[in-house]
Protein chains: 2
Amino acid sequence: MTDEKVIDKRHLRSIKTREKLLEAAKEVFLEEGFHKATISQMIKKANIGYGTAYVHFEGKEDILIVLMENVMEKFYEIAEVSFLPKTKNEALEIILKQATAFLKMAETERNMMQVFEQAIGISTEISNKWKAIREKFIQRISEDIAYAQENGLARPELNQKLAARGWFFTNEMYLWEIVRNEHHDTVEEVANTITAIYTRGLYL
Amino acid sequence: MTDEKVIDKRHLRSIKTREKLLEAAKEVFLEEGFHKATISQMIKKANIGYGTAYVHFEGKEDILIVLMENVMEKFYEIAEVSFLPKTKNEALEIILKQATAFLKMAETERNMMQVFEQAIGISTEISNKWKAIREKFIQRISEDIAYAQENGLARPELNQKLAARGWFFTNEMYLWEIVRNEHHDTVEEVANTITAIYTRGLYL
DNA sequence: TATATTATTGACATCATGTCATTTTCCTTG
DNA sequence: CAAGGAAAATGACATGATGTCAATAATATA
């Protein structure tokens with residue numbers, strides 16, 4: 001199990017090479033976007049040989065997946081916050097916090113999220129990982145809505161899964177708009193409006 | 001203005017070649033997806049020479065843009081339906097119809113929409129055209145909400161633009177799920193739930 | 001020091017792209 | 001209707017990216 005702790009100079013060099021490449025790849029992805037980015041640019045920036053890239057990774061896509069894992073973990077952390085509201089106010093507060101935390105990611109990780117968005121459209125594997133994150137959120141919120149329905153806080157006639165998806169989808173689309181710098185309302189205002197509509201409805 | 005009506009045999013042949021290529025390209029895009037698709041596959045299927053493809057189009061992306069124009073026009077038609085509701089019921093009915101028509105597109109044009117989705121992630125031009133469609137919808141709905149607010153039908157404290165975006169975004173995300181065959185509720189149920197939440201709210 | 005193991009390397013084969021000089025097809029004019 | 005010209009089609013080619021692999025360098029071990 002802990003056999004891997006035997007790290008010799010060779011192994012160390014290997015790790016450093018890998019990290020140099022990852023660092024360079026990040027820059028290239030940010031500068032060029034996913035498809036214009038080439039392995040050649042990365043290895044030049046990292047000062048390593050061409051073949052070396054293929055020793056450490058399977059290709060461009062694989063490199064990006066590794067770079068993305070960091071960011072994706074943060075989403076999981078947000079999604080994993082567990083809650084079972086007892087009052088309507090509690091429910092609203094929590095739903096608002098969740099939306100805000102989610103949208104904030106767009107701002108703090110904007111650069112990598114821009115590359116991420118392209119990659120989702122191109123790589124099935126990356127797309128699947130994003131889908132998993134989405135389902136995690138929807139599952140959480142769906143459970144919360146079901147609980148709220150059982151306790152007379154939410155309208156019982158609404159399909160929880162659909163409602164949860166809708167809520168998440170709205171947040172997600174705003175996330176991408178913020179990532180693309182296409183949106184100039186603050187994260188707080190967006191989160192407030194989404195929550196207000198979902199909890200109070202648009203029409204009187 | 002009508003000079004172009006002079007169509008000789010050469011011109012006719014040119015048009016036919018172009019159409020043969022578009023037809024073949026459509027098949028290849030559907031079979032292979034946007035990036036695996038190659039010009040070579042298309043020209044073989046169309047029985048024309050390699051260079052010919054570049055006489056008619058600037059490349060893969062350009063071919064897809066032309067193929068997409070058809071589909072996109074249909075979205076514009078839906079978006080252009082104008083309405084100013086007088087009663088709350090009228091507002092709900094119209095918003096439901098709009099959502100249903102929009103989502104139905106995912107079903108009737110599923111194949112091309114699948115290619116479309118990839119293309120949006122890859123081609124800036126296609127992405128921009130889709131954004132224009134989105135803004136058209138949001139503009140329409142935003143106006144409707146503003147009107148409803150002025151006439152005491154909708155909550156006046158909500159930001160119309162944000163509400164309209166949210167509504168559209170939810171629909172759009174469902175659209176893509178349906179396109180990807182990832183969704184098994186009926187279009188009607190989805191449209192109903194979205195409308196119900198937006199108009200009546202999730203919590204009591 | 002000699003040998004084994006691990007990591008690195010760049011040259012190479014492959015494949016898609018876009019260009020362009022050439023060829024084919026059709027029209028026009030004397 | 002024959003000759004020359006214009007429009008359309010063509011495929012060979014140059015370019016650039018990818019992934020592989022046999023050779024080489026660096027380090028460990030006996």
Side-chain angles (χ1 to χ4, degrees), chain A residues 3-25 27-29 31-66 115 118-119 122-126, chain B residues 3-25 27-29 31-66 115 118-119 122-126:
Chain A
D3 296 338
E4 297 175 19
K5 298 235 164 165
V6 183
I7 293 183
D8 59 18
K9 236 177 176 177
R10 295 181 300 198
H11 190 185
L12 211 72
R13 182 164 59 117
S14 168
I15 291 172
K16 281 212 168 165
T17 306
R18 189 189 143 100
E19 268 161 12
K20 272 195 287 178
L21 181 55
L22 278 175
E23 199 46 52
E27 286 172 29
V28 174
F29 278 136
E31 282 162 17
E32 307 285 341
F34 184 75
H35 32 348
K36 280 200 179 177
T38 67
I39 302 285
S40 298
Q41 288 172 294
M42 298 174 191
I43 59 107
K44 266 175 212 151
K45 222 169 210 170
N47 257 318
I48 60 174
Y50 188 86
T52 313
Y54 287 88
V55 171
H56 292 276
F57 303 95
E58 281 164 35
K60 214 165 65 161
E61 206 177 303
D62 189 41
I63 296 177
L64 187 62
I65 288 172
V66 173
V115 181
Q118 296 174 46
I122 292 165
S123 148
T124 315
E125 192 170 347
I126 292 179
Chain B
D3 296 337
E4 296 175 20
K5 297 236 163 166
V6 184
I7 293 182
D8 59 18
K9 233 175 175 177
R10 294 181 299 200
H11 190 187
L12 210 73
R13 183 164 61 119
S14 168
I15 291 172
K16 280 212 167 165
T17 305
R18 189 188 143 100
E19 268 161 14
K20 270 196 289 181
L21 180 55
L22 278 175
E23 198 46 51
E27 287 172 29
V28 174
F29 278 136
E31 282 161 18
E32 307 285 341
F34 184 75
H35 31 351
K36 282 201 179 177
T38 66
I39 301 285
S40 297
Q41 289 172 294
M42 297 174 193
I43 58 107
K44 266 174 212 151
K45 225 171 207 168
N47 257 318
I48 60 174
Y50 187 86
T52 313
Y54 287 88
V55 171
H56 291 275
F57 303 95
E58 281 164 35
K60 214 164 65 160
E61 205 176 306
D62 188 40
I63 297 177
L64 188 63
I65 289 171
V66 172
V115 181
Q118 294 175 47
I122 293 164
S123 148
T124 316
E125 191 170 346
I126 292 179

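Hydrogens, waters and symmetry mates are skipped; everything else that's a heavy atom, side chains included, is used. In what follows, chains carry the letters A, B, and so on, assigned in the order in which the sequence lines appear, proteins first and then strands, with residues in each chain numbered from 1.
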Whole Å only: how far is the [atom1] atom of [X] from the [atom2] atom of [N]?
X	N	atom1	atom2	value
A:D62	D:dG19	CG	P	10 Å
A:L12	C:dT5	CG	C1'	17 Å
A:K36	C:dA16	NZ	P	21 Å
A:I48	D:dA26	CD1	C1'	16 Å
A:F57	D:dT20	CZ	P	16 Å
A:Y50	C:dT9	OH	C1'	13 Å
B:D8	D:dG5	CG	P	18 Å
A:H35	C:dT17	NE2	C1'	15 Å

Quiz prompt | Polar side-chain contact A:R10-D:dT27 base: donor and acceptor under 3.5 Å | solution = yes

Can you find a heavy atom in the side chain of [X] that is under 4.5 Å from one in the side chain of [Y]?
X	Y	value
B:R18	B:V66	yes
A:F57	A:I39	no
A:T52	A:L21	no

Practice problem: Let me see the working for A:L64 and A:Q118 under side chain to side chain contact (heavy atoms under 4.5 Å, CB included), right down to the final yes or no. | Solution: CA-CA 11 Å; A:L64 187 62; A:Q118 296 174 46; over 6 Å; no

Exercise. Between B:G51 and A:I39, name the one whose nearest nucleotide on DNA chain D is closer to the 5' end.
Key: B:G51

Self-check item: A:K9 or A:E58, whichever maps to the more 5' nucleotide of DNA chain D
Solution: A:E58

Exercise. Give one of base, sugar-phosphate or nothing for A:R13, where a contact means two heavy atoms less than 4.0 Å apart.
Key: sugar-phosphate

Quiz item: How would you label the contact of B:H56 with the nucleic acid (heavy atoms, under 4.0 Å): base, sugar-phosphate, or nothing?
Solution: sugar-phosphate

Whether the side chain of [X] engages the backbone of [Y] through a donor-acceptor N/O pair (distance < 3.5 Å, no angle test) should be reported.
X	Y	value
B:S14	B:R10	no
A:K60	A:H35	yes
A:Q41	A:V28	no

Quiz item: Where along residues 14-25 of chain B does a heavy atom fall under 4.0 Å from DNA chain C?
Solution: none

When you measure from the side-chain N and O atoms of [X] to the phosphate of [N], is any distance below 4.0 Å, counting only OP1 and OP2?
X	N	answer
A:T52	C:dT9	yes
B:T38	C:dA16	no
B:Y54	C:dG18	yes

